[in-house]
Protein chains: 4
Amino acid sequence: MASQVVVLDPQKRERRRQILDAAKHVFADSGYHGASIHAIIDRADIARGTFYLYFESKSAVFSSILDEAMESLRRLMHRIDVDDPNAAPPQVQLRQQIVGALEFVVQDRALAMLLLSAGHTPDAEAAERLDQFFGEVRDLLRRAFESGQEIKLLRKVQPELLAAAFLGMIRGVVEHIITHPQPPTVESVVDEILFVALRGVLA
Amino acid sequence: MASQVVVLDPQKRERRRQILDAAKHVFADSGYHGASIHAIIDRADIARGTFYLYFESKSAVFSSILDEAMESLRRLMHRIDVDDPNAAPPQVQLRQQIVGALEFVVQDRALAMLLLSAGHTPDAEAAERLDQFFGEVRDLLRRAFESGQEIKLLRKVQPELLAAAFLGMIRGVVEHIITHPQPPTVESVVDEILFVALRGVLA
Amino acid sequence: MASQVVVLDPQKRERRRQILDAAKHVFADSGYHGASIHAIIDRADIARGTFYLYFESKSAVFSSILDEAMESLRRLMHRIDVDDPNAAPPQVQLRQQIVGALEFVVQDRALAMLLLSAGHTPDAEAAERLDQFFGEVRDLLRRAFESGQEIKLLRKVQPELLAAAFLGMIRGVVEHIITHPQPPTVESVVDEILFVALRGVLA
Amino acid sequence: MASQVVVLDPQKRERRRQILDAAKHVFADSGYHGASIHAIIDRADIARGTFYLYFESKSAVFSSILDEAMESLRRLMHRIDVDDPNAAPPQVQLRQQIVGALEFVVQDRALAMLLLSAGHTPDAEAAERLDQFFGEVRDLLRRAFESGQEIKLLRKVQPELLAAAFLGMIRGVVEHIITHPQPPTVESVVDEILFVALRGVLA
DNA sequence: CATGAATGAGTCTTCATTCAT
DNA sequence: CATGAATGAAGACTCATTCAT
């Protein structure tokens with residue numbers, strides 16, 4: 001059976017998970033550079049050498065974490081069905097997807113912090129991988145704007161610019177939710193933001 | 001006009017500038033942690049010790065850069081005058097200020113990249129200073145929303161959430177402008193974004 | 001006999017020894033501050049990082065050296081048995097102990113020099129540890145004087161002052177033995193000093 | 001007029017004093033190595049370059065401090081007059097000299113601490129100078145013992161060993177006086193120590 | 001004479017990665 | 001497979017000394 005993912009026997013899979021989880025939390029706590037292999041293997045409760053048995057470098061784990069996240073996100077973002085009369089109205093579908101994606105990110109606090117906090121790192125490989133991640137998300141958004149425009153749901157906009165702006169907005173919102181002492185529900189946040197995005201702030 | 005800053009003789013001022021500029025570029029290129037004192041002094045073409053003559057630590061230069069940027073931004077962001085009949089209409093004033101601020105950031109490419117790329121660093125002092133910087137900008141935005149609401153220019157919104165969202169949006173836009181191969185003019189970008197922000201994307 | 005010290009497998013023990021020995025010599029040669037990690041690892045023929053695998057800092061090795069020395073000294077200094085009719089007479093016991101302790105210090109030339117040469121260092125931790133070491137020795141001496149006084153072996157003296165004086169005397173004597181081109185035997189030195197201490201220099 | 005000391009005009013003399021005093025205190029506080037030129041010029045309230053106008057290096061000031069101290073000590077230690085029937089009895093003269101010397105050292109607290117705390121330093125020049133200082137004192141003591149022996153005041157001793165032992169004792173006593181919370185008078189200390197030295201501790 | 005800005009060798013310490021067991 | 005001891009490059013920072021003004 002063809003598979004993009006290298007098939008590992010369950011034991012190794014399990015170890016890999018263990019390391020990925022540990023790394024995710026450490027990256028979240030300390031940022032990419034601040035995360036030490038020491039902290040990761042400590043949390044994963046494995047030996048130093050074992051780490052390098054599963055990942056060839058620090059940036060490799062980082063990459064894998066982003067890979068997994070991207071895949072999950074992609075699974076959540078289907079095409080919005082406009083033609084099927086049985087489907088929910090587009091705006092409802094849109095809202096559902098955004099809520100879903102945001103909830104995915106926000107509920108995995110470690111992932112969210114990792115994504116927010118990992119800035120440019122001196123490690124070129126990691127930096128590139130992160131750029132790529134956000135690039136993909138931005139593409140997702142851009143295509144969404146383009147479709148919306150085509151089907152006349154949205155007015156004429158510059159999709160690329162808007163994608164960049166909205167990606168930033170999402171990051172800002174996620175940060176708001178995560179760092180807030182009494183985090184609002186994702187639903188309430190999406191309602192407010194979506195309203196603003198769709199209709200603007202003008203009275 | 002009296003200055004808050006300790007007055008240095010022109011020579012020292014000049015050196016300080018030289019170091020600040022070099023540091024800004026290095027931070028922009030490599031992020032806070034990735035920036036080495038070595039790289040900074042290399043770029044500034046000074047000796048190791050000279051650096052510590054002007055700044056007591058790496059995080060101190062970083063701080064100073066943010067201080068200067070914040071001060072400049074604040075100078076650009078006046079209160080919007082609504083009552084004076086001789087003043088430009090509020091929306092025009094708003095647009096001017098945003099254009100001004102954005103232009104300030106974008107035209108200092110190094111500063112822009114520094115602000116975008118500096119993520120969580122293991123250096124607590126630097127991290128805090130950066131948080132503070134964005135916190136101040138967010139406050140500026142929040143107060144703007146609150147005023148707008150009070151004078152009934154804007155509809156009822158959650159100022160804090162919107163401030164976070166718009167700060168993120170601004171970061172996204174700045175990144176877009178900076179990284180774009182053919183960067184659009186700030187004016188055109190502001191027009192598009194402002195329109196969206198005020199009236200939404202709906203057709 | 002159970003050991004207070006964490007038990008290490010022989011390999012690590014050996015390495016630790018190797019580093020301690022190297023450090024002792026370097027400290028002896030250059031004093032605490034003058035001793036560089038570089039010199040220590042050079043002498044121990046290990047890599048920089050290896051040093052920090054066994055000791056968490058320069059002051060930690062220093063501390064360990066003093067710990068070991070103190071423990072050895074303490075093992076050499078038993079209470080003097082006055083009552084047991086089978087034991088050697090007190091003066092003989094005293095002489096034996098002093099000879100033993102002095103021989104221990106003198107024969108480990110590096111240790112002796114380290115103890116003599118380490119003055120006030122800017123490193124607070126190391127300085128404190130050294131003070132503590134000599135403080136303990138002084139206490140040993142003070143208690144010895146107090147006991148001697150109680151059992152009427154010694155005449156009325158100020159134990160604290162005398163302890164300080166004799167500790168200094170011992171340092172002086174050790175220095176004499178160590179730096180002398182033809183070092184006298186410890187026994188001969190102890191005989192002379194002990195005689196003076198007990199009966200004075202007057203004809 | 002011949003003079004060992006280079007004659008300086010009063011202004012320079014004064015400046016020199018100022019620096020020597022400052023340096024003495026700083027050396028006393030932090031030991032030789034821990035003393036920074038910065039601390040010295042700060043305390044002397046002079047500019048960096050000025051320091052090097054008066055002393056060619058850090059070790060040079062250190063040397064000068066010891067020179068001055070040695071000269072003062074020598075002035076205090078005359079030959080003990082045994083023959084002159086009008087002179088005080090030898091033991092009284094001895095006591096006076098010791099009290100005088102000790103008082104000189106103890107009352108100049110900074111000097112005392114400097115002498116006690118300056119251990120082997122990595123600075124070869126300074127280390128040598130310090131050894132020389134104590135060597136001279138030891139010689140003074142040795143000659144005293146030799147004379148005492150010649151005139152049959154003292155019994156047969158090993159002058160060199162005893163000089164080393166007594167020098168150490170003196171250091172111990174000075175340390176005791178200086179570090180004691182309620183320092184005893186020098187006179188009382190000398191009485192006790194001298195008694196012990198002359199007659200021993202035996203009951 | 002006095003100044004203090006500039007220098008750069010040298011310090012301790014960290015940490016990603018390798019490899020023999 | 002797993003281990004963890006060993007490595008050494010690289011990092012931030014200090015400080016005695018020089019020298020142009």
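Chain naming here is simple, since letters A, B, ... match the order of the sequence lines and numbering starts at 1 in each. What you see is a predicted model, and the numbers here were worked out from it, not measured in a lab.
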### Query
Are A/D67 and A/M70 close enough, and set up right, to give a side-chain contact (heavy atoms from CB on, under 4.5 Å), and what steps lead you there?
CA-CA 5 Å; A/D67 284 344; A/M70 196 62 227; 5.8 Å; no

### Value in whole Å for how far the P atom of E/dC12 lies from CZ of C/F62
14 Å

### Query
So, is the end of the A/K58 side chain (NZ or CZ) under 6.0 Å from the ring centre of A/Y32 and within 45° of the ring's axis?
yes

### Task
Heavy atoms only: give me the nearest C/I19-C/T50 pair and the separation to one decimal.
CD1-O, 4.4 Å

### Task
Name the residue closer to the 5' end of DNA chain F, choosing between D/F51 and A/F51 according to the nucleotide with the nearest heavy atom.
A/F51

### Task
Between E/dT18, F/dT7, E/dA6, spot the one nearest the side chain of C/R15, thanks.
F/dT7

### Gap between atoms CZ and C1', on B/F55 and E/dA6 respectively (whole Å)
16 Å

### Message
Counting the atoms with a prime plus P, OP1 and OP2 as sugar-phosphate, which does D/A35 contact under 4.0 Å by heavy atoms, base, sugar-phosphate, or nothing?
### Response
sugar-phosphate

### Query
B/K58 has an atom NZ; how far is it from atom C1' of F/dT14, in whole Å?
17 Å

### Message
Under a 3.5 Å cut-off for both contacts, is F/dT21 paired Watson-Crick or G-U wobble with anything, and if yes, with which nucleotide?
### Response
E/dA2

### Task
May I have the distance from D/H33 (atom NE2) to F/dA16 (atom P), rounded to whole angstrom?
8 Å

### Identity of whatever pairs with F/dA10 - Watson-Crick or G-U, under 3.5 angstrom
E/dT13

### Message
Closest approach to the side chain of A/T50, judged atom by atom: which nucleotide of F/dT7, F/dT17, F/dT3 is it?
### Response
F/dT3

### Message
Is there a side-chain contact (heavy atoms from CB on, under 4.5 Å) between D/F134 and D/L115? Walk through the geometry before answering.
### Response
CA-CA 9 Å; D/F134 285 119; D/L115 289 174; 4.2 Å; yes

### Summary
The nucleotide from F/dA5, E/dA16, E/dA5 with an atom nearest the side chain of B/Y54 is E/dA5

### Message
Going by salt bridge (charged side-chain N to carboxylate O under 4.0 Å, His left out), name the pairs with one or both residues in residues 38-48 of chain B, residues two or more places apart or in two chains.
### Response
none

### Message
Students often get this wrong, so: under 4.0 angstrom with heavy atoms, is B/I37 touching a base, only sugar-phosphate, or nothing?
### Response
sugar-phosphate

### Message
Can you say whether a donor on the side chain of A/R48 sits under 3.5 Å from an acceptor on the base of E/dT17, or the other way round?
### Response
yes

### Query
Taking all atoms of both residues into account, what is the closest heavy-atom pair of C/A28 and C/M113, and its distance?
CB-CB, 3.7 Å

### Query
Are C/E68 and C/R17 within salt-bridge range, i.e. N to O under 4.0 Å?
yes

#### Entry: Euclidean distance, atom NE2 of residue C/H38 to atom P of E/dT13 [Å, nearest integer]
16 Å

#### Entry: Nearest-Å distance for atom pair CG/C1', residues D/L53 and E/dG4
13 Å

### Query
Can you list, by residue number, the residues of residues 40-47 of chain D that have a non-hydrogen atom closer than 4.0 angstrom to DNA chain E?
D/A47

### Task
Carefully, step by step, assess D/R15 and D/L53 under the rule side-chain contact (heavy atoms from CB on, under 4.5 Å).
CA-CA 10 Å; D/R15 261 272 203 273; D/L53 239 42; over 6 Å; no

### Message
Quick check: on DNA chain F, is the nucleotide nearest A/G49 upstream (toward 5') of the one nearest B/G49, or the reverse? Name the residue that is more 5'.
### Response
A/G49

### Task
Consider the side chain of A/K12, meaning its heavy atoms from C-beta on, and name the nucleotide among E/dC15, F/dA16, F/dC1 that approaches it most closely.
F/dC1

### Task
Consider the side chain of B/S57, meaning its heavy atoms from C-beta on, and name the nucleotide among F/dA16, F/dC13, E/dT7 that approaches it most closely.
F/dC13

### Query
Does B/Y52 have a side-chain nitrogen or oxygen under 4.0 Å from the phosphate oxygens OP1 or OP2 of F/dC13?
yes

### Query
For A/D123 and E/dC15, what is the distance between atoms CG and C1' respectively, to the nearest whole Å?
13 Å

### Summary
D/Y32 atom OH is separated from F/dA16 atom P, nearest whole Å, by 9 Å

